[in-house]
Amino acid sequence: MRRLALFAGLALLVSGCATLMPERPRAAPAGIDVTGRWVGTWYSHGIEGIPREEDAFAEFEQLGAGGRGRLTLDGALAVDSVPVAVRAAGLIGSRVLLDVAGSNLMLTHELGPRHLKAQFKVNGERMVGHVVDADPPVRIVLEKEKPAPPKPLAAPPRPSAQAAAAPPPPPPTAEPPGPPPPAVTLKLPDAEATPAPEGKPEAATRPSPQEFTEAPDLKIVHFDFDKATLRPEDMALLDQNADWLKGNEVLVLIEGHADERGTNEYNLALGERRAKAVREHLVTKGVAGDRISTVSYGEERPACTEKNEACWKQNRRSRSLIKPK
């Protein structure tokens, strides 16, 4: 009897302890599905505190409350508040891991959160977020890209009333067999008489920049700070350059330059975009694209070495050189 009472007391004690123990928190289930491609814009401030607004892309594959994907912030090379790993990835994008809880999305770099950590709030086909601990802040707005609707199939043409009323054509009658065709003997050429295949022409090599010289008739165009967009007054100068080039059969080398502000890598990329903008304008004006090459020197070849805006303005330029064909 005493043993039964002892066992009953132990059972009550265990059940009481289990009641007092706090329940282990459970992870909130994923309430959204972010699988797909997202496009949008990121906002921040670059060198000299200049506002930046550039393209952003993301591709996600969600599996339950997790998943993986890729995040790309275009044009972030000179924005120090963007994590180094994201800037170095460029248009290739950074591989990220997903953590979804409710309508919240957390992105961390595949190599760890110290490389990238970003939080988003997802509302249907739109998400708004920011890079954690970025100074100045980096804000990202993305919208889900909708797949292109399938093209409707063209309906087969309906037969006209006359065609429908016309009787079907009679079956063709078999023609009597004619005489067999004469045999043809093919004469193969002698092996010695067969000419040997000629060698392939060597691929054309791109001319060296040292082979090009200045042309007084070709005007230099300039750009605004941190821009590769042609201004109206510079388009007018390029129109004159295009007219001159269409009347002179020469090869053209377009140089892209930048001022000293920003990293070397960023200025090289900026100079390349400026040179390509000039090339595209000349092509639209009728200059053959295979005559035009581009090269970027970034900040390496300044036209002026003083540290003021008047000097930097001269260095933000594109120059066209020529070489006889």
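Since we're looking at a predicted model, the values are computed, not measured. If you read the sequence from its start, that first residue is 1, and numbering goes on from there.
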Contacts under 3.5 angstrom, residues 89-103 side chains, donor-acceptor by atom type, not counting sequence neighbours:
residue : atom : partner : partner atom : Å
Arg95   : NE   : Glu110  : OE1          : 3.1
Arg95   : NH2  : Glu110  : OE1          : 3.3
Ser103  : OG   : Lys121  : NZ           : 3.1

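For the pair Asp243 and Leu245, the minimum side-chain heavy-atom distance is 4.5 Å or more. Taking the side chain as every heavy atom from C-beta outward, Tyr43 and Arg52 never approach each other to under 4.5 Å.
Looking at residues two or more places apart in sequence or on another chain, you find no salt bridge (charged side-chain N to carboxylate O under 4.0 Å, His left out) involving Glu280. Every residue meeting the side chain to side chain donor-acceptor pair (under 3.5 Å) condition with Glu255, not counting sequence neighbours, appears here in chain and number order: His257, Arg319. Not counting sequence neighbours, Lys219 has no partner by the salt bridge (charged side-chain N to carboxylate O under 4.0 Å, His left out) test. By the salt bridge (charged side-chain N to carboxylate O under 4.0 Å, His left out) test, Glu145 is found to be paired with Arg37, residues two or more places apart in sequence or in another chain being considered. The salt bridge (charged side-chain N to carboxylate O under 4.0 Å, His left out) check on Arg316 picks up Asp259, Glu309, with sequence neighbours excluded.
Checked against Ser44 for a side chain to side chain contact (heavy atoms under 4.5 Å, CB included), the options Val138, Ile140, Val131 give a single hit: Val138. The side chain to side chain contact (heavy atoms under 4.5 Å, CB included) test with Trp38 is passed by exactly one of Met127, Arg126, Glu59: Met127.
Criterion: ILVMFWY side-chain heavy atoms under 4.5 Å apart, direct or through other members. Under it, Leu270 and Ile220 are not part of a common hydrophobic cluster.
Side-chain contact annotation: His281 with Asp239, donor-acceptor N/O pair under 3.5 Å present.
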